[in-house]
Amino acid sequence: MNIIILGPPGAGKGTQAQHLVETRNMVQLSTGDMLRAARTSGTEMGKIVAGVMDRGELVTDEIVIGLIREQLEKGSEGGFIFDGFPRTLAQADALNALLEENNIALDAVISLEVDDEVLVQRVVNRAKEAVAAGKEARADDNEESMRTRLMEYYKKTSPLIGYYYAKGNLSGIDGLQSIEAVQSSLAAVLDR
Ligand code: AMP
């Protein structure tokens, strides 16, 4: 199965994707993770990406589409989970074309629905927890970047909900439930 997990920053996309990797042998394609790896590479591209990410803005479509293209060519037995991609209509169109080229079907688009104020709190808490555990918090997990990330989401990513609804493969899930309850709701959609 190949699925997209859509949702605002802090909705739990990564957590749910990780569970599917562990239980269903799926491959998680997180452009956020790929970009965090690229920024530590010391390349010129990495430096530009770092600044954009820390401000909470979106990196260019060209960069993320290139990252996804490379991964799709590798294939996946259990299927792909697109986590944090696509984030713009141009990325969604590019993904359609890439899926067709690689003969990959898109089986479901899951929209994790959450409340904005809860999101901001979750992300601020995620940073505090990381620091308390002696780890480094994500540079974009602070209230200011989070507000920019939310604005980017509403301006550029949320239209994808209508886009995939119109294509006929959108399923909404209440992302405010416990992690386990979201896992079961997600499983119910994938197994139907
Ligand atoms: P995430 O880990 O998915 O929250 O992504 C962290 C940051 O990486 C975002 O705030 C963006 O700056 C960048 N990013 C991740 N995925 C994309 C994408 N598909 N398009 C543009 N920027 C992205």
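Note that the coordinates shown come from a computational prediction; the quantities given were computed from them, not determined experimentally. Only this structure's heavy atoms are used, side chains among them; waters, hydrogens and symmetry mates stay out. Read the numbers this way: they start at 1 and go in the same order the structure lists the ligands and their atoms. Along the sequence shown, residues carry numbers from 1.
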Keeping [X] on the side-chain end and [Y] on the backbone end, is there a donor-acceptor pair under 3.5 Å?
X: Asp107; Y: Ile3; value: no
X: Gln16; Y: Gly12; value: no
X: Asp61; Y: Gln91; value: no
X: Lys156; Y: Met151; value: no

> Any luck finding a side-chain donor-acceptor pair between Asp116 and Tyr153 under 3.5 Å?
Replying inline: no
> Going by atom types only, do Arg138 and Ser145 share a side-chain donor-acceptor pair under 3.5 Å?
Replying inline: no
>> Is Arg55 close enough to touch ligand 1? Criterion: a residue heavy atom under 4.0 Å from a ligand atom.
In response: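 Judged by the 4.0 Å heavy-atom criterion, Arg55 does not count as contacting ligand 1.
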>> For Arg36, state whether at least one heavy atom is located under 4.0 Å from any atom of ligand 1.
In response: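 In this structure, Arg36 qualifies as a contact of ligand 1 - some heavy atom is under 4.0 Å.
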Which of the atoms in ligand 1, numbered in the order shown and given with their element, are less than 4.0 Å from a heavy-atom of [X]?
X: Thr31; result: 15 (C), 16 (N), 17 (C), 18 (C), 19 (N)
X: Gly84; result: 16 (N), 17 (C), 18 (C), 19 (N)
X: Leu35; result: 8 (O), 13 (C), 14 (N), 15 (C), 23 (C)

> Can you tell me the protein heavy atom closest to atom 22 (N) of ligand 1 and the distance?
Replying inline: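 For atom 22 (N) of ligand 1, the nearest protein heavy atom is Val59 N, 3.1 Å.
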> Which residue and non-hydrogen atom of the protein lie closest to atom 12 (O) of ligand 1, and at what distance in Å?
Replying inline: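 Heavy-atom neighbour on the protein nearest atom 12 (O) of ligand 1: Glu57 O, 2.5 Å.
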> Between Arg138 and ligand 1, does any nitrogen or oxygen pair lie at a separation below 3.5 Å?
Replying inline: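 Indeed, backbone or side chain, Arg138 has an N or O that close.
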> Do ligand 1 and Asp33 have nitrogen or oxygen atoms that lie under 3.5 Å from each other?
Replying inline: no
> Do the charged groups of Glu143 and Arg147 touch, with an N to O distance under 4.0 Å?
Replying inline: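 A salt bridge links Glu143 with Arg147.
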> Side chain, backbone, both or neither: which part of Leu58 comes within less than 4.0 Å of ligand 1 when only heavy atoms are counted?
Replying inline: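 Both backbone and side chain.
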> Which is closest to atom 1 (P) of ligand 1 in terms of heavy atoms, Arg149, Gln91, Arg87?
Replying inline: Arg87
>> Which option wins on minimum heavy-atom distance to atom 8 (O) of ligand 1: Met34, Met53, Lys13?
In response: Met53
>> Using the salt bridge (Lys or Arg N to Asp or Glu O under 4.0 Å) definition, which of the options Arg149, Arg122, Lys135, Lys128 pairs with Asp141?
In response: Arg149
